[in-house]
Amino acid sequence: MARVNRLRIRAFLDRQFALAVLVLVVLAGVGGVLTYDAYAQPNTTVQTNEVTVWEADGSFTHGATVVDNETKTAGAFEPGATVQNRSVYFQSIMPVLNGTFRYGYAADSGELDATVRSRLVVRSVGSGRERPIEYWRQTRSLGREEVTLAPGERVRVPFSVNVTEAAATADQVRERVGDPGQTRASVNVTVALTGTAGGREIDRTLQYALPVRIEGGVYRVDEAASTRAFTQPERVTVTESPGPLSAYGAPGLLALSLSGLVALAAARRGGRLTLTDTERAWVAYRDDRADFDDWISTVRLPAEAESLPVGEAGTLADLVNVAIDTDNAVLESHDGDTYHVVHDDFRYTFTAPSAPMAADSVPRASADTVADGSVRDESDRGRDDGQPTTSAPSAAEERPD
């Protein structure tokens with residue numbers, strides 16, 4: 001079956017040579033275009049990314065000194081000792097909150113003029129339906145500093161707040177005003193910047209705050225470190241790598257198409273596409289054998305039929321037509337070489353053609369060497385014209401029983 005299929009493919013390519021060449025050329029063109037797009041013209045996209053130009057960093061450090069009060073500090077805190085960066089301080093023994101605000105910035109280049117102002121804000125705040133209500137506010141300046149900063153440099157602005165005194169003042173105001181709010185305090189720092197940073201003109205004011213919550217006999221200081229990044233959009237062209245289909249499939253399609261064109265042209269020029277008469281007869285016979293399988297039966301021909309007059313059919317299809325017209329079956333010999341239809345004292349036969357060789361399309365022949373050194377060809381079951389091959393009987397066949 002595989003040999004027949006190969007012969008059919010050769011016959012089809014021989015008949016449709018121009019169409020096969022056109023298909024391969026189109027496939028080669030598609031493979032070439034896809035390969036060019038994948039490698040010579042890679043796919044690029046433009047993306048907009050946010051790039052950090054400069055970063056501002058402001059932070060607070062704080063502490064308090066324990067006052068000399070033997071009654072309140074006995075066994076707990078050493079008078080005159082300094083406690084640092086606590087979350088809770090005691091008003092009675094640590095009334096003054098001392099601290100430092102540090103500011104700096106990071107950038108590739110630049111120079112900024114910085115004006116740093118710090119102040120204490122004490123206010124009374126109550127709860128509202130949508131946002132807190134501020135009843136009153138008091139503001140007191142704590143210090144001012146003007147410096148010119150390069151990237152990586154820092155300015156330090158100290159401050160000192162008597163929280164116990166501020167709480168007492170707030171209580172007096174609340175009693176005098178009669179508001180229902182709670183006292184809130186904070187150290188607010190304003191940093192005004194002008195100059196350049198990272199090649200960009202800067203004119204900006206930044207706000208920092210150190211919240212101080214006064215609750216009974218203590219006050220709590222919240223964390224207030226802050227780093228802010230300032231960005232600007234930047235358009236970047238990104239080259240996308242080709243996917244597996246474009247990277248390997250397109251060159252593979254191009255290579256296979258070109259190889260197919262070369263192989264097809266070489267086969268056509270060498271005459272390996274055109275079928276010989278033997279090959280065409282073999283293909284036609286195999287097609288007829290498959291098409292008329294229902295009409296063929298493998299039955300030993302009766303001995304009496306051997307002596308009937310013989311009518312030879314040119315093809316198996318012709319013999320099947322005789323069987324159909326006479327309402328008979330086609331009888332196939334056990335060796336599969338000959339087919340018969342017996343009707344009205346006549347025997348109609350068809351002898352199958354020899355199978356061609358796969359290598360060079362020449363009818364197969366096997367050579368056997370006999371005792372005298374000559375070669376006898378016994379492979380062909382029939383001649384190319386459809387007639388069975390006649391061979392001389394052997395000595396054993398001529399010897400009478």
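For the numbers below, each heavy atom of this structure counts, side chains included, while hydrogens, waters and symmetry mates do not.
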Are any side-chain N or O atoms of Arg347 and backbone N or O atoms of Ala305, one a donor and one an acceptor, separated by less than 3.5 Å? yes
Begin with the C-alpha distance, continue with both residues' side-chain angles, and end with the deciding distance and a verdict on side-chain contact (heavy atoms from CB on, under 4.5 Å) for Val155 and Val157. CA-CA 7 Å; Val155 58; Val157 181; 4.3 Å; yes
Are any non-hydrogen side-chain atoms of Asn85 and His62 less than 4.5 angstrom apart? yes
Is the Tyr105 ring parallel, tilted or perpendicular to the Trp54 ring (thresholds 30°, 60°)? perpendicular
If you measure from the Lys or Arg side-chain nitrogens to the Asp or Glu carboxylate oxygens, is any gap between Glu215 and Arg220 under 4.0 Å? yes
Cut-off 3.5 Å, side chains only: do Thr231 and Thr52 have a donor facing an acceptor? no
Please report the interatomic distance OG(Ser226) to CG(Leu206), rounded to the nearest 0.5 Å. 8.5 Å
Once you round to the nearest 0.5 Å, how far does NE2 of His340 lie from CG of Leu331? 7.5 Å
I need the Leu319 CG to Phe292 CZ distance, nearest 0.5 Å. 10.5 Å
Measure the spacing between OG1 of Thr82 and CE of Met94 and express it to the nearest 0.5 Å. 10.0 Å
Side-chain touch Val191/Thr205, heavy atoms, less than 4.5 angstrom: no
Please step through side-chain contact (heavy atoms from CB on, under 4.5 Å) for the pair Val125 and Ile133, ending with a clear verdict. CA-CA 6 Å; Val125 179; Ile133 299 174; over 6 Å; no
Is it true that Thr349 and Glu312 share a donor-acceptor pair across their side chains at a distance under 3.5 Å? no
Run the salt-bridge test on Glu332 and Arg289 with the 4.0 Å N-O cut-off and return the result as yes or no. yes
Residues Ala20 and Leu264: closest non-hydrogen pair is CB-CD2, 3.8 Å
Arg117 and Ser141 side chains, donor-acceptor separation under 3.5 Å: no
Examine distances only and state if a side-chain atom of Thr164 and a backbone atom of Gln91 form a donor-acceptor pair shorter than 3.5 Å. yes
Taking atom CZ of Phe77 and atom CZ of Phe90, what is their separation to the nearest 0.5 Å? 5.0 Å
For Ala56 and Tyr103, work out which heavy atoms get closest and say how close. CB-OH, 3.5 Å
What's the shortest heavy-atom distance between Pro353 and Ala281, and which atoms? CG-O, 3.7 Å
Looking at side-chain heavy atoms only, is the closest gap between Asp222 and Leu210 below 4.5 Å? no
Heavy-atom donor-acceptor pair, Glu145 side chain to Arg156 backbone, under 3.5 Å: no
Residue pair Ser297 / Ala329: nearest heavy atoms and the distance that separates them: OG-CB, 4.4 Å
Considering only heavy atoms from C-beta outward, does the side chain of Thr315 approach that of Tyr285 to under 4.5 Å? no
Set out, in order, the CA-CA distance, both residues' side-chain angles and the distance that settles side-chain contact (heavy atoms from CB on, under 4.5 Å) for Val25 and Leu261, then state yes or no. CA-CA 8 Å; Val25 169; Leu261 283 172; 4.0 Å; yes
Do you know which two heavy atoms are closest between Ala28 and Leu258, and how far apart they sit? CB-CD2, 4.1 Å
For Gln138 and Arg140, which I'm curious about, is there any donor-acceptor pair between the side chains at under 3.5 Å? no
Test side chain to side chain donor-acceptor pair (under 3.5 Å) on Gln207 and Thr190 and set out the steps. CA-CA 5 Å; Gln207 303 287 343; Thr190 301; 2.9 Å; yes
Taking it one step at a time, do Gln182 and Arg184 satisfy side chain to side chain donor-acceptor pair (under 3.5 Å)? CA-CA 6 Å; Gln182 295 179 342; Arg184 294 286 185 268; 3.0 Å; yes
Hey, does Leu142 have a side-chain heavy atom less than 4.5 Å from the side chain of Val161? yes
When you look at Thr61 and Arg102, which way does the side chain to side chain donor-acceptor pair (under 3.5 Å) test go after all the steps? CA-CA 8 Å; Thr61 59; Arg102 292 177 172 83; 2.9 Å; yes
Within a reach of under 6.0 Å around CG of Asp293, are more than 12 heavy atoms found that belong to other residues, nucleotides or ligands? yes
I'd like to know whether CD of Glu223 has more than 12 heavy-atom contacts from other residues, nucleotides or ligands below 6.0 angstrom. no
Would you say that Val221 contacts Leu97 through its side chain, given a criterion of any heavy-atom pair below 4.5 Å between the two side chains? yes
Residues Asp57, Arg154: salt bridge by 4.0 Å N-O rule: yes
Evaluate the ring-ring contact (aromatic ring centres under 6.0 Å, His included) criterion for residues Phe101 and Tyr208: first the C-alpha distance (whole Å), next the side-chain angles of each, then the deciding distance (0.1 Å), finally the verdict. CA-CA 9 Å; Phe101 173 76; Tyr208 299 90; 5.3 Å; yes
Would a 4.5 Å heavy-atom cut-off, applied to side chains only, mark Tyr89 and Arg86 as touching? yes
Gap between atom CG of Asp288 and atom CG of Asp318 - 0.5 Å precision: 8.5 Å
side-chain contact (heavy atoms from CB on, under 4.5 Å) evaluation trace for Tyr339 with Leu316: CA-CA 8 Å; Tyr339 301 83; Leu316 182 58; 3.9 Å; yes
Is it true that a side-chain atom of Asp179 and a backbone atom of Gly181 form a donor plus acceptor pair closer than 3.5 Å? yes
Would you call Phe159 and Asn98 a side-chain contact if the rule is heavy atoms closer than 4.5 Å? no
Report yes or no: is the cationic atom of Arg280 (NZ for Lys, CZ for Arg) under 6.0 Å from the centre of the six-membered ring of Trp282, at an angle within 45° of the ring normal? no
Is it the case that the side chain of Glu153 and the backbone of Ala150 share a donor-acceptor pair, with hydrogens and angles ignored and the cut-off at 3.5 Å? yes
How close do Asp345 and Leu308 get, counting heavy atoms only, and between which atoms? O-CD2, 3.7 Å
For a side chain to side chain donor-acceptor pair (under 3.5 Å) check, start with the C-alpha distance between Thr338 and Ser333, then their side-chain angles and the critical distance, and finish with the verdict. CA-CA 6 Å; Thr338 56; Ser333 61; 3.2 Å; yes
I'd like to know whether CG of Asp325 has more than 12 heavy-atom contacts from other residues, nucleotides or ligands below 6.0 angstrom. yes
For Thr194 and Asp203, which I'm curious about, is there any donor-acceptor pair between the side chains at under 3.5 Å? no
